[in-house]
Q: 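Questions regarding the structure given below will be posed in turn.
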There are 4 protein chains.
Amino acid sequence: MRMRCMCLVIHAPEDLRLEEREVDEVGPGQVLVRVGMGGICGSDLHYFNHGGFGTVRIKEPMALGHEVAGTVEAVAADVTGLKVGDRVAINPSRPCGACRYCWEGLPNQCLEMRYYGSAMRMPHVQGAFRNLLVCEATQCFKVAEGVPLSVAALAEPFSVGLHGVSRAGPLLGKRVLVAGCGPIGVLAIAAARLHGAAEIVATDIVDEPLAIAARMGAHETINAAKDAGWVARNSADKGSFDVMLECSGNQRALRDGLEVMRPRGVIVQLGLGGDVSVPQNVVVAKELSITGSFRFHSEFAVAVRILNEARMDFSPVVTQTFPMSDAVRAFQMAGDRQRAMKVLIDFAQAA
Amino acid sequence: MRMRCMCLVIHAPEDLRLEEREVDEVGPGQVLVRVGMGGICGSDLHYFNHGGFGTVRIKEPMALGHEVAGTVEAVAADVTGLKVGDRVAINPSRPCGACRYCWEGLPNQCLEMRYYGSAMRMPHVQGAFRNLLVCEATQCFKVAEGVPLSVAALAEPFSVGLHGVSRAGPLLGKRVLVAGCGPIGVLAIAAARLHGAAEIVATDIVDEPLAIAARMGAHETINAAKDAGWVARNSADKGSFDVMLECSGNQRALRDGLEVMRPRGVIVQLGLGGDVSVPQNVVVAKELSITGSFRFHSEFAVAVRILNEARMDFSPVVTQTFPMSDAVRAFQMAGDRQRAMKVLIDFAQAA
Amino acid sequence: MRMRCMCLVIHAPEDLRLEEREVDEVGPGQVLVRVGMGGICGSDLHYFNHGGFGTVRIKEPMALGHEVAGTVEAVAADVTGLKVGDRVAINPSRPCGACRYCWEGLPNQCLEMRYYGSAMRMPHVQGAFRNLLVCEATQCFKVAEGVPLSVAALAEPFSVGLHGVSRAGPLLGKRVLVAGCGPIGVLAIAAARLHGAAEIVATDIVDEPLAIAARMGAHETINAAKDAGWVARNSADKGSFDVMLECSGNQRALRDGLEVMRPRGVIVQLGLGGDVSVPQNVVVAKELSITGSFRFHSEFAVAVRILNEARMDFSPVVTQTFPMSDAVRAFQMAGDRQRAMKVLIDFAQAA
Amino acid sequence: MRMRCMCLVIHAPEDLRLEEREVDEVGPGQVLVRVGMGGICGSDLHYFNHGGFGTVRIKEPMALGHEVAGTVEAVAADVTGLKVGDRVAINPSRPCGACRYCWEGLPNQCLEMRYYGSAMRMPHVQGAFRNLLVCEATQCFKVAEGVPLSVAALAEPFSVGLHGVSRAGPLLGKRVLVAGCGPIGVLAIAAARLHGAAEIVATDIVDEPLAIAARMGAHETINAAKDAGWVARNSADKGSFDVMLECSGNQRALRDGLEVMRPRGVIVQLGLGGDVSVPQNVVVAKELSITGSFRFHSEFAVAVRILNEARMDFSPVVTQTFPMSDAVRAFQMAGDRQRAMKVLIDFAQAA
C-alpha cells in the first residue's frame, strides 16, 4: 500500500483544492522529503488568479509550487551524501541532460525541461506544494543548522536573482537600478549587493516593498508614482546607470530605465511582461543591451551556500506564513503588494 | 579673398538647393579636399523627404552629407603623412576628445560630437556635400591606387556595418540573420562575411535589394513578404540563428527575428525605427540580447583598409551616380528601393 | 569471419609497422569508412621519433593517426544522413558526454576523452591510420564534391587553428602575430584571415614555411633567425600586436611575442612546449593574457564547411603524399621543415 | 617665501633621509594637503633595501611613497567640491590624458604616466611621503567621517586588489585561490569577498599573514610550506579553482596554482616576480589564462567608497604605525613578514 500525501491542486482560476494523492515510490537515486515550507511565486499566483499567463493555461488539474524546503524522510539505498533528517532546499529544475542546450551547458534552456508546477507542457508537470515529495537526491541541497526552512525556501527565487546578476557581468564599481521590488526584485538587490555593486537604486510604485528593498541593500529607494523628477535627475550626460535589473515586467519601468541608462549600459530583463513598446532609437543611439534572464542553473548551489553562510539577513523577505489548510487565504494575501512580499505555506503545521 | 565652393543645402522638406559658400581657411592640422563622390544616406533622405526624423528637425539651412571621398588639394604646413594629390576617404566623425565617453574609449558616444550634416545640435553641423571641404588631416584615410572614389565613398556606411559586427562578438561558426537589405544591410552582410560568419541569411520585402545581398555574401535570401513559412522553417528547437543584424528598423522584422533566434542569441540593432512592440516574454524565456549599434569609431580605418585590399567586390552596392547639379533627382532615386541601393553624387562632374 | 585491414602501428621509437588487424563490427549508429588520406601530425611524429612527449609514452603497440578522410563503405541500419559512397572527414574526438566538462559545453576538456592515436590513457586509444575504420556516424562530416580527400584530411588541424582563433575573441581590426609556421601555424593564419584579421604577420626561423604562410594569408613574413630588428621595429609605444597565435611552443618566440604585444593583448598558446621562462613583470605591466587552446569542439563542423565552400585554396599546405607502404619515409619527410609542411599517407594507393 | 615641508627621500639602498624641501605653489585646480598617514608599499621597500627592482633603479634622490591620506589645508580659487578641513585619500596616479591608451580608456597603461615615488622615468617622479603635498583636486577623494586616515591610506593598495578582481571577471559562484598574503593579497581577498566569491582559499608560507587573510575573508588558509598535500587535494578532475589571484610573484606558487586550476580557469597575475618557469603544456591542455593586472584606474573611487561605507573591517591590515622621524625603523619592520602586514608612517605625529 502506498503512502498518501496532501497536495495543493489548481483546477481552474480561484479553484485551488487540498487533495490527497498517492506518494510515488522512492526509486534509485531518489529521496522522500517531508516538505516544510513552500513559497508562493508569481506564476503560482497567475495560475490561481487567471488560470495561467500568456499562452500557458491549465488544461488539467495541476499541483502548484516550486519553492520548497523540507526534511529528508527516506533515502534510496544507492544514495550517498544525504541521510534521514537532513534539512534540504529543493531545486525544482529537472533538465533532460540530453538535448543540445543541456550539452552546451545551458540546461535552463533545456528542450525537455520538467519544472515543478508548470503548465507549459502537456501533461503538466505536477508541483511541489505537498507535504511529502519524492525527488532526485541531486535536487536536494543541504541547509545549514540554524537556517530556518522559511529562509531555505527562498533558495529558488534567490537563484533567479543571482542568475540575473550573472547575466549583467561584473558589478564592480557599477551603479545598478532595480525596477520592481517584488520578491525577485528584492532578492536581486541582495544578489547585486553581495556581488559588489557600488550603488543600488530601487524603484517601485508602492512604498511597502521599497522599505524591504532598503533592508535588502538598496542605497536609495524611489517611488516612481510619486517622484516625477527621478528620471530627469538621473539622465544627465545621457544617463547614469551602468546596469538595470528589470524585475517589474512593466513597460513604463523599462522605458524610464532606457532614459537613465548610460551608453553601453546593460538591462537584464527578469520581469515577464507581455508586449512592451520599446524606443528603438534610444537602444541604438546609446548602444544599450536588453538581455533576458530565465530561471537559473548553477546558481541554485550558490544561493544555498549564501543562505547557509548567512552573509545577509534574508528574513525581511518573508512577510506571512499560512498553514496548508489556509492555502487559499495565503494566495489571496500574496496578491496584496502593500502587505505581502513573499508568502509561505507551512506544510508541516496543522491549521 | 576666400575660395568659394558649391554646397547642397537643405532648407525644408524637398527644398534642396545648390548654393555657393565660402571655403574655410586651411588651419593648422587641416587639409583642403576636392570632394569627388558622396553617398546619400538614409538620414540625408529623411531630411530631404521629411525635414528630419523623430525629434531631430532642420531648424536652419544645413549642408547635407557625410559619406564622401575626394582628392587632397592643399595641406597645412604642419601636416605630415598627406600630400597634394592623395585620394582620401573622409571620416565625418569629430568627437570632442575631452568628455567622459571620449576618455573611456567610446568616442562614438561623445557628448559634444560634431558629425557632418546632422541637425541633432543647434547650430546644426554643416555637411560634406560640397565640392571643396576643409577638414582635419586626421579625418583623411588614404585610398589605394585602383580603388575608385565611388567605392571609397562607401567607407562610412561600411564602417557602420563593421561596428555592428563588432557588437555581435565573434562570428566563427555562427549562423547570422540580416534583416533589411538597404545599404547598411548589404554592407553588414559583407562585414559578416569577411569576419567569418558560417552562414548568412538575408531577408527583405523587396526582391531587388535581396539580389545585391546575395552578391555581397548572403548564402540564402528570403523575401519575407512572399515566403510566409520562413519563420516556422527556422524556429525549430527554439530557433536556429546565433546572431541577427537588424538593419530595417521594422517592427515585424524584429519580432520575426526574435522567433528564429536560438537561446542566448544576440540581436544587434542597427536600423533606426521608432517605438516597436517587443514580446518581453520571448526575450526573457530565450535569454536573448538586443544590443544597439551606433555609428562607429576605429572601424573607419578598418573599412578603408578592407576597401583598399579589395578583399571583396563592393561595386554592386553603388547603383546610380548623378552629377551635383542633378542632386534632387539623385535624392528622388535614392528613395526607390526597387531601383536604387546606394546613390552617389559626383561633385566633380559637370551636369 | 571478420574483415581485415592494414594499420600503421608504432611499437617503439622508429619502429613503425604496417600490420594486419581485424576490423570491428559495424554496430548501431556506426559506419565503415574506407580511409583515403591521413595527415601526419606533430604528435604522430613525436611517437615515431621519441616514443612520446613529456610524460606521455607508448606502453603498448598503438595505431597512429587522427587526421583522416575517406569514403563510406557500409552503414548500420539505424544510421540516417549518410550513405555508401559518401566522402567524409572524420572527427577523431570522442568525448564521453557524461562528465562535468561535457555537460558544461567543454567536451574538449572531457575527463574520459578517447582521441584517436593517443597514448595519454592506458590502454592506449588506437588511431585511424588504417585502410578500413569503423566509427560513429556522428564523427563523419560530408565532403563536398570537388574537394579532394587530401584537402578534407586537413579538417582536423584546421579545426585546431579555428579553435585558437575562437579563443582570441573577435579579430575585427586586429593586428595578429602568428609565431611558428608549421601546419597548425599556417592553418591558424588561414583561420585568422577568414575571420577578418586586419593584418597578419608570420614569423619562423625557416624560410620555406614562411613562403607557405604568405600563400595562406600572412601580409608579412619574418625570418626571426635572420631579421634581428623585428622585435624593436614592432615594440614602439609598448607594442603593436593585439593578438598572438603562438604555434611554435618555443620559448624565444613567446618572449619576443611578449615584447611586441600591446597592453591588454591576448596571446593564444597553441604550441606545446615544455617549461618556458616567462618574464612575469612584462605580463603584469602590460596586462597581457596568455591563454591556452587545446584541440577543438564545434570547430570541426566549421572547418569542413569552410573547406567545402572553398573560401580559400588550402592545397599549399599539403606538400607530399606517400603510399601506405612507404609510411616510414613519410614520417621521415614530415620531420624536414625545409621540404615538408603537411605530409599525407595515401591509404588507398598501392605502393 | 615658500612654505617648507619634510620629505622622506631615498638616496641609495638603506640611505633614507628626512629632508626639508620647498612646497610647490598651489596652482589652478590644485590643493594643499597636510598628509596624515602613508603606507609603505613593496616597491618603497625595494628602493629602500635594494635601490630598485629589475631595471628600475634610483639614479637621483627621490621622495618615496604613494599610499597617503591627509587633510586639505588650502584650495585654489577655482576648485569646487573640496574645502579646507576635508579629509582625503590621494590617488597617486597621474596619466597624461593625451596618449593612445588614455584615449582608449586604459589610463593605467598611459605612455607618460607620472606615478608618485617611481624611478621608472628620468627625472624620477617624486613621491608623497611628506607632511605637505600639493596635488590636483581630482586626485583627492573624500574620506567619510568615522573612517580613520590609517584606513583611508589603504585606498591605493585596495584599488590594486579591486583591479585584479575586475580582471578576473564575475566571481559569482566561483572558487578563488589567493596565493601570497602580503598587503595586496589580503586586500585582494577582501575585494573578492566583497564581489561575491563563493569560496576563497588563501596560501602563503608564513602563518601570521594567513591569520590576517582569514580575518579579511578567506574561508580556508593553507601554509604551503607545511601542508605538502594541498595541491593533490585540490587537483582532482583536472583541478578545482575557477580563479587565482597570484599575489606572490613566486614561481612555485604559480606552478602549484596551474595544477589546481580547473580547465578554462583564469589566473590574474598581480605579484611582480622576475622570470618564472611556466609549464606550457599545462596552460595549453587545460586552456588556462594567465592575465596581468597592473595598478588600477576607476577602482580608486570604488575603493574609497567601500572604505567609507565600512562594508568590512579593514583595520586588521594595518599592523604598525611609526612617526615620520622613525621612518627607517618603519621600513625595517615592513620587511618582517612574521610581524608586519601594512606598516604606516604617521606624518602628523611628533617622534
Side-chain angles (χ1 to χ4, degrees), chain A residues 53-56 99-101 104-106 108-113 120 160 163-164 167 236-240 246-251 254-255 258 261-295, chain B residues 53-56 99-101 104-106 108-113 120 160 163-164 167 236-240 246-251 254-255 258 261-295:
Chain A
F53 41 90
T55 59
V56 178
C99 74
R100 56 186 287 205
Y101 301 120
E104 288 180 18
L106 300 174
N108 65 328
Q109 292 292 345
C110 172
L111 292 169
E112 303 292 337
M113 172 66 82
M120 280 193 194
V160 173
H163 187 61
R167 296 280 293 146
D237 288 357
K238 301 194 184 185
S240 60
E246 208 302 297
C247 303
S248 75
N250 179 276
Q251 174 175 298
L254 176 60
R255 292 183 70 102
L258 291 166
M261 294 299 290
R262 55 154 281 163
R264 298 274 173 109
V266 175
I267 296 167
V268 179
Q269 183 66 40
L270 291 131
L272 271 161
D275 285 356
V276 290
S277 163
V278 173
Q280 209 166 43
N281 56 336
V282 174
V283 172
V284 170
K286 294 205 284 186
E287 301 189 296
L288 300 174
S289 293
I290 302 174
T291 298
S293 179
F294 186 60
R295 293 178 180 160
Chain B
F53 42 89
T55 59
V56 178
C99 74
R100 56 186 288 206
Y101 301 120
E104 289 179 17
L106 300 174
N108 65 328
Q109 292 292 345
C110 172
L111 293 168
E112 303 293 338
M113 173 65 82
M120 281 195 193
V160 173
H163 187 61
R167 297 280 294 148
D237 288 357
K238 302 194 185 186
S240 60
E246 208 303 295
C247 302
S248 75
N250 179 275
Q251 175 176 297
L254 176 60
R255 291 182 71 102
L258 291 166
M261 294 298 290
R262 53 154 283 160
R264 299 274 174 108
V266 175
I267 296 167
V268 179
Q269 183 66 42
L270 291 131
L272 271 161
D275 285 356
V276 290
S277 163
V278 173
Q280 209 167 42
N281 56 336
V282 174
V283 172
V284 170
K286 294 204 285 185
E287 301 189 297
L288 300 174
S289 294
I290 302 174
T291 297
S293 179
F294 186 60
R295 291 176 180 161

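Lettering of chains follows the sequences in order, A, B, ..., and the numbering in each one begins at 1. What you are looking at is a predicted structure, and each value in this text was computed from that prediction instead of being measured. No hydrogens, no waters, no symmetry mates; every other heavy atom, side chains included, goes into these values.
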Q: Select, from Arg167(A), Lys286(A), Arg100(A), the one with the greatest count of heavy-atom pairs under 4.5 Å involving chain B.
A: Arg167(A)
Q: Report the distance from atom CD of Glu287(A) to atom OG1 of Thr291(B), rounding to the nearest 0.5 Å.
A: 9.5 Å
Q: Relative to chain A, which of Ser277(B), Pro279(B), Gly274(B), Ala285(B) shows the most heavy atom pairs under 4.5 Å?
A: Ala285(B)
Q: Of the listed residues (Val268(A), Val278(A), Val283(A), Leu111(A)), which shares the most heavy-atom pairs with chain B below a 4.5 Å separation?
A: Val278(A)
Q: Can you tell me which portion of Leu106(B) sits under 4.5 Å from chain A's heavy atoms? Options are side chain, backbone, both or neither.
A: side chain
Q: Using heavy-atom distances under 4.5 Å, tell me whether Tyr101(B) contacts chain A through its side chain, its backbone, both, or neither.
A: side chain
Q: Of the backbone (N, CA, C, O) and the side chain (C-beta and beyond), which part of Leu270(B) lies under 4.5 Å from a heavy atom of chain A, both, or neither?
A: backbone
Q: If you count heavy-atom pairs under 4.5 Å between each of Glu246(B), Glu104(B), Gln251(B) and chain A, which one has the most?
A: Glu104(B)
Q: Looking at CD of Gln269(A) and OG of Ser289(B), how far apart are the two atoms once the value is rounded to the nearest 0.5 Å?
A: 11.5 Å
Q: What's the verdict on side-chain contact (heavy atoms from CB on, under 4.5 Å) for Arg255(A) and Asp275(B), showing C-alpha distance, side-chain angles and the deciding distance?
A: CA-CA 10 Å; Arg255(A) 292 183 70 102; Asp275(B) 285 356; 3.3 Å; yes
Q: Looking only at non-hydrogen atoms, find the nearest pair between Asn250(B) and Gln280(A) and report the distance.
A: N-OE1, 4.5 Å
Q: Roughly how far apart are Lys238(B) NZ and Gln109(A) CD, rounded to 0.5 Å?
A: 4.0 Å
Q: When heavy-atom pairs shorter than 4.5 Å are enumerated against chain A, which of Ile267(B), Val266(B), Leu254(B), Asn281(B) gives the highest number?
A: Asn281(B)
